[in-house]
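Side-chain atoms are counted along with the backbone in the values below, which use heavy atoms only and exclude waters and symmetry mates. Counting starts at 1 for both ligands and their atoms, in listed order.
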Amino acid sequence: MPEEERDGAIARQLAGWFAVAARDLPWRRRRDPYAVWLSEIMLQQTRVETVVPYFERFLGRFPRVEELAAAPLDDVLALWSGLGYYRRARELYACAREVTTRSGGRFPGGGGALRGLPGIGPYTAGAISSIAFGRREPLVDGNVARVFARLEGIDEPIKSSGAVKRLWERAAALVPEDRPGRFNEALMELGATVCTPRDPRCGSCPLERVCVARATGRVGELPVVEEKRKVPVVAMVAAVLRRGDLVLFARRSEGGLFGGLWEPPMVEAASLEGARA
Ligand code: SF4
């Protein structure tokens, strides 16, 4: 099939599938930049089911970006508590303040201007620009990368610079003029619900007939993922110090892991062993 014809078929098949298969998620009922931005930041490295109640609580408490910007940072961090990756909450707050002070609470529509805001990278910029503003901007997240690696038979390691370049080029070539946001959402949805990391449901996939991995029997081999670096494990010792009803907490320094959050006084277990020796 000629490439142009194949690209058109991919866009059509995806659109038809998404119209009936899309999950009903709260951020899909609102298409304004604030809600799209908030949901996309929360969804980074976090499961949809975990995000839903946080998204609703944030919008209940801060219905507009100006209200989020005007709140004390500690209130925002407290509401974020349990969602993890607290740097996102700090960048969310910094971004809300910048959008509010610079442009009265209006997000810019173009990907380039969005990428200049705190915490907004190419993926989030593509999501806001295409979904909220209807601009023909591509996006690639983990789900989209997996779909494209299989759909196009990309066998370079998925995080290598060569593969990343190819993925973005394919995403840019495929995103249509007409309803680009729906197309991007459909791709992400396909990766989340059908073209899953394990046991993809190729028999139910709208792209089965144009998928290179399916045609060549390489679905189980793609994407190529390099081994992850080992996560260091650090043992900590914490002291719980009480006086009456009071418990002592200290604030972590701003820069590092969990920067600015409160915790009981603690030190690395290894440093205590050193002191004892
Ligand atoms: Fe993924 Fe299978 Fe669909 Fe190919 S046919 S895009 S491997 S679910």
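Taking the six-membered ring for Trp and thresholds of 30 and 60 degrees, Phe58 and Trp80 have ring planes more than 60 degrees apart, a perpendicular arrangement.
Applying the salt bridge (Lys or Arg N to Asp or Glu O under 4.0 Å) test to pairs two or more places apart or on separate chains, none has a residue in residues 122-143.
The two residues Pro180 and Ser130 have their closest heavy-atom pair at C-CB, 4.2 Å.
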May I have the step-by-step check of salt bridge (charged side-chain N to carboxylate O under 4.0 Å, His left out) for Arg31 and Glu185, ending in yes or no? CA-CA 12 Å; Arg31 319 305 284 172; Glu185 283 187 289; 2.3 Å; yes
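Between Tyr123 and Glu40, the side chains place a donor N or O and an acceptor N or O closer than 3.5 Å (distance only, hydrogens not considered).
Protein N/O/S atoms found under 2.8 Å from atom 4 (Fe) of ligand 1, listed by chain and residue number: Cys211 SG.
Counting non-hydrogen atoms of neighbouring residues, nucleotides and ligands closer than 6.0 angstrom, the CZ atom of Arg179 reaches no more than 12 such neighbours.
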